[in-house]
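Quick notes on the structure that follows.
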Amino acid sequence: MSNSAIDVPSRGGFSFDLCRRNDMLAKKGVNLPSFRKTGTTIVGLIFQDGVILGADTRATEGPIVCDKNCEKIHYMAPNIYCCGAGTAADTEAVTDMVSSQLQLHRYHTGRESRVVTALTLLKKHLFNYQGYVQAALVLGGVDCTGPHLHTIYPHGSTDTLPFATMGSGSLAAMAMFESKYKEGLTKDEGIQLVVDAICSGIFNDLGSGSNVDVCVITKGHKEYLRNHLLPNPRTFVNAKGYSFPKKTEVLLTKITPLRERVEVVEGGDAMEE
Amino acid sequence: MAAQNKISHQVGEFQNDVFRFDIHGVKSDIVGSHPLETLCQSAKQREEEIKRRILVNTYGTAFPMKMDFDRQILSRFQRPTGAIPSSMLGLEAVTGSLEDFGFEHYLNDPRESESFRPADLHHGMEVRIGLSKGPAYPSFI
């Protein structure tokens, strides 16, 4: 049994090849590059007909804003969406992977995906990687059992709540929710509260900024309001446009052709009989 | 007598060929290069073990044993080593991994690795009939 279980060609996935080398370099006194700080505000709440998700659109990379208008509400299934905070690559990879798993499952069963399925897949994956996959998620959707909202922490623990916030602006957003949330909100009231919470994150948290994205999911229907509110428009744009008279300078024109190392022989040896 | 001298058929993650994979350090073998690596490997084994135990409790010992035989038979049903890797459709259908979709299916494909060495058909067939030691796929990612 033990020597037949491994009888398959090797697969890809995570590679730990360089960990040993990095350890050695760190011991020799090399300063390895440090982590980049990220920041986000993502929220979600349950209203009378379904779920509303909200997110800001600033991608932070340490002291730099590297994208002013990124998407943080990811598609999981036609009735499920997921907001992601943490490392952008991790949140996107994880949500994309799980959305593919859900699609496969739908092909297999021929039914609408349920939110708990997505939740289990996500938390199982995140727990397996012990927090090294840095994705803090707010998962919301409406299925045959009604509207659901869950938060998933990077280590795989989950919460089921009527309103939830995540990311560095979560405290600012939660303050708005705790003061104004009540059961049985209408759609317009819900969207307004989500926008207020995200704006509170945008204006009080340095890691969050730019615009507000909102996603409203109701039974059999969804509405993705990309850039629902633009509270930070560009203050000054030159009416005449910008011209750049000086073209890019050519500094060097010497071209060194690469030496060919492999000789390609046409035909080659005839095959042995 | 010939059957006794036969080297058991091992393909895949088996990496004991010293000439090809260098001498293994004892410490690095035990400790591993990262705590997460050992955890990922043991998690898969543990899951299989739990599944097996559940089957033993519900259907008796004979059932998982029969499944093991199926698995062994299907894992040997492979293409000759070469350009196209075995799809292992039967095995995946039995183990249920046909419905799985994970990082290992689309990230860091060993065939796209810079240290990829194309599989040698001659050597692969020798491994298959038990003339030489595995693995039939020499690349290590």
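Hydrogens, waters and symmetry mates are skipped; everything else that's a heavy atom, side chains included, is used. Convention: sequence-line order gives letters A, B, ...; per-chain numbering from 1. Since this is a predicted model, take the numbers as computed values, not measurements.
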Under 4.5 Å from any heavy atom of chain A, what part of E92(B) do you find: side chain, backbone, both or neither?
side chain

Heavy-atom distances under 4.5 Å only: say whether Y106(B) touches chain A with side chain, backbone, both or neither.
side chain

Minimum heavy-atom separation for [X] and [Y], please, with both atom names.
| X | Y | value |
| --- | --- | --- |
| D100(B) | L104(A) | O-CD1, 4.2 Å |
| H34(B) | C19(A) | CD2-SG, 3.6 Å |
| L36(B) | Y132(A) | CD2-CD1, 3.6 Å |
| L39(B) | Q130(A) | CD2-CG, 3.2 Å |

Inter-residue atom distance S15(A).OG - E37(B).CD, 0.5 Å rounding:
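Output value for this atom pair is 8.0 Å.
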
Which residues, numbered in order, of residues 78-100 of chain A come under 4.5 angstrom of chain B by heavy-atom distance?
A93(A), V94(A), M97(A), S100(A)

Could you check whether any side-chain heavy atom of N108(B) comes within less than 4.5 Å of a side-chain heavy atom of F14(A), counting everything from C-beta outward?
no

Checking [X] against chain B: side chain, backbone, both or neither under 4.5 Å from a heavy atom?
| X | result |
| --- | --- |
| F16(A) | both |
| Y107(A) | neither |
| H125(A) | side chain |

Is atom CZ of F127(A) surrounded by more than 12 heavy atoms (other residues, nucleotides or ligands) closer than 6.0 Å?
no

